[in-house]
Amino acid sequence: MRRLWRWYQQCLASHPVRTQVVSSGILWASGDIGAQAVTHYSARRPDRRANNTPEDKDKDKEFKVDWRRVGITSSFGFAFVGPVGHYWYEYLDRFIRRRFQPNTFKFVASKVAADGFLFGPLDLLLFFSYVGLGQGRSVEQVKEDVKRDFIPALALGGMIWPAVQIANFRFIPVRYQLLYVNLFCLLDSCFLSWIEQQGDASWKQWFTSFHKIEDQKSKV
């Protein structure tokens with residue numbers, strides 16, 4: 001394990017962007033495989049086997065990885081999360097350091113707020129759009145999918161990521177912050193892929209109906 005860590009440090013020192021790009025691609029691919037497995041096995045609940053429909057029988061088939069989807073998700077980590085994340089954390093740190101003393105409450109809070117309100121929503125929007133287009137959906141279909149998935153993902157992720165980033169910005173050196181985030185992205189990419197695979201799941205309708213109610217109130 002120490003050798004692996006030393007090797008990573010050497011790669012990061014000599015080729016920082018390339019190292020972040022490769023690690024992001026691998027982790028996002030792993031997360032998508034995990035999402036596919038969770039989706040497959042959660043569909044094989046015992047209470048569905050009593051009266052199997054043709055659709056249920058298809059779900060009971062042996063799990064097979066959709067490598068095309070893995071490639072699409074991995075390329076998102078490779079092309080966006082790795083390079084953009086690398087420069088985001090570096091320049092964010094430089095920008096905030098000019099205004100607040102490092103490791104103070106305002107310093108950490110400003111970073112968390114910027115990451116949550118700027119990078120986070122952009123990451124979600126691009127992820128759902130990229131995956132949809134990569135799977136051959138039309139622009140109109142992608143728009144509908146984004147409307148369906150964006151708010152649930154943002155709301156659920158907003159319960160976890162602030163705590164993750166508080167620890168990140170407070171205790172982790174800048175050069176390792178993307179690695180720290182990438183480790184959580186292993187779960188996050190699994191989570192986002194799972195949300196996208198859920199389609200029009202009933203639990204998503206709650207967010208949609210709530211959003212519609214808020215729109216109606218604003219019009220009154």
Check your understanding: What class does the angle between the rings of Phe76 and Phe127 fall in, given that below 30° is parallel, 30 to 60° is tilted and above 60° is perpendicular?
Key -> perpendicular
Point to revise | Asp32 side chain to Gln36 side chain, donor-acceptor N/O pair below 3.5 angstrom | key: yes
Check your understanding: Is the backbone N or O of Gln20 less than 3.5 Å from a side-chain atom of Ser23, with the two atoms forming a donor-acceptor pair by type?
Key -> yes
Practice item. For residues Trp88 and Phe80, establish whether the separation of their ring centroids is below 6.0 Å. Key: no
Exercise for review: Could you list the residues that satisfy side-chain hydrogen bond (donor to acceptor under 3.5 Å, both in side chains) with Tyr87, not counting sequence neighbours?
Suggested key: none
Review point. With no hydrogens and no angle check, is any side-chain donor or acceptor of Thr19 less than 3.5 Å from a backbone partner on Cys11?
Key: yes
Review point. Do Arg68 side-chain atoms and Gly134 backbone N/O form a donor-acceptor pair below 3.5 Å?
Key: yes
Review point. Quick one: do the Tyr130 and Ser75 side chains pair a donor with an acceptor below 3.5 Å?
Key: yes
Point to revise | Spacing of Asp123 atom CG and Leu118 atom CG [to the nearest 0.5 Å] | key: 12.5 Å
Study note, to complete from the structure: Note: Ala167 and Tyr180 closest approach over all heavy atoms is CB-OH, 3.6 Å
Check your understanding: For the side chain of Gln177 and the backbone of Ile172, is there at least one donor-acceptor N/O pair under 3.5 Å apart?
Key -> yes
Review point. Quick check: does any side chain N or O of Gln165 sit under 3.5 Å from a backbone N or O of Pro162, one acting as donor and the other as acceptor?
Key: no
Review point. What salt bridge (Lys or Arg N to Asp or Glu O under 4.0 Å) pairs are there with at least one residue in residues 1-10, not counting sequence neighbours?
Key: none
Review point. Is Trp7 atom CH2 crowded by more than 12 heavy atoms from other residues, nucleotides or ligands, each under 6.0 Å away?
Key: no
Point to revise | Gap between atom CD of Gln141 and atom CG of Leu133 - 0.5 Å precision | key: 10.0 Å
Practice item. Report the hydrophobic cluster partners of Phe105, with the cluster defined as I, L, V, M, F, W, Y residues connected by side-chain heavy atoms closer than 4.5 angstrom, directly or transitively. Key: none
Check your understanding: About how many Å separate NZ of Lys143 and CZ of Phe150, when rounded to the nearest 0.5 Å?
Key -> 15.5 Å
Point to revise | Verdict with supporting geometry, Val21 and Val17, side-chain contact (heavy atoms from CB on, under 4.5 Å) | key: CA-CA 6 Å; Val21 164; Val17 180; 4.2 Å; yes
Check your understanding: With a distance cut-off below 6.0 Å to the six-membered ring centre and an angular limit of 45° from the axis, does Arg99 pair with Phe95 as a cation-pi contact?
Key -> yes
Exercise for review: Enter the distance from Leu179:CG to Gln9:CD here, rounded to the nearest 0.5 Å.
Suggested key: 10.0 Å
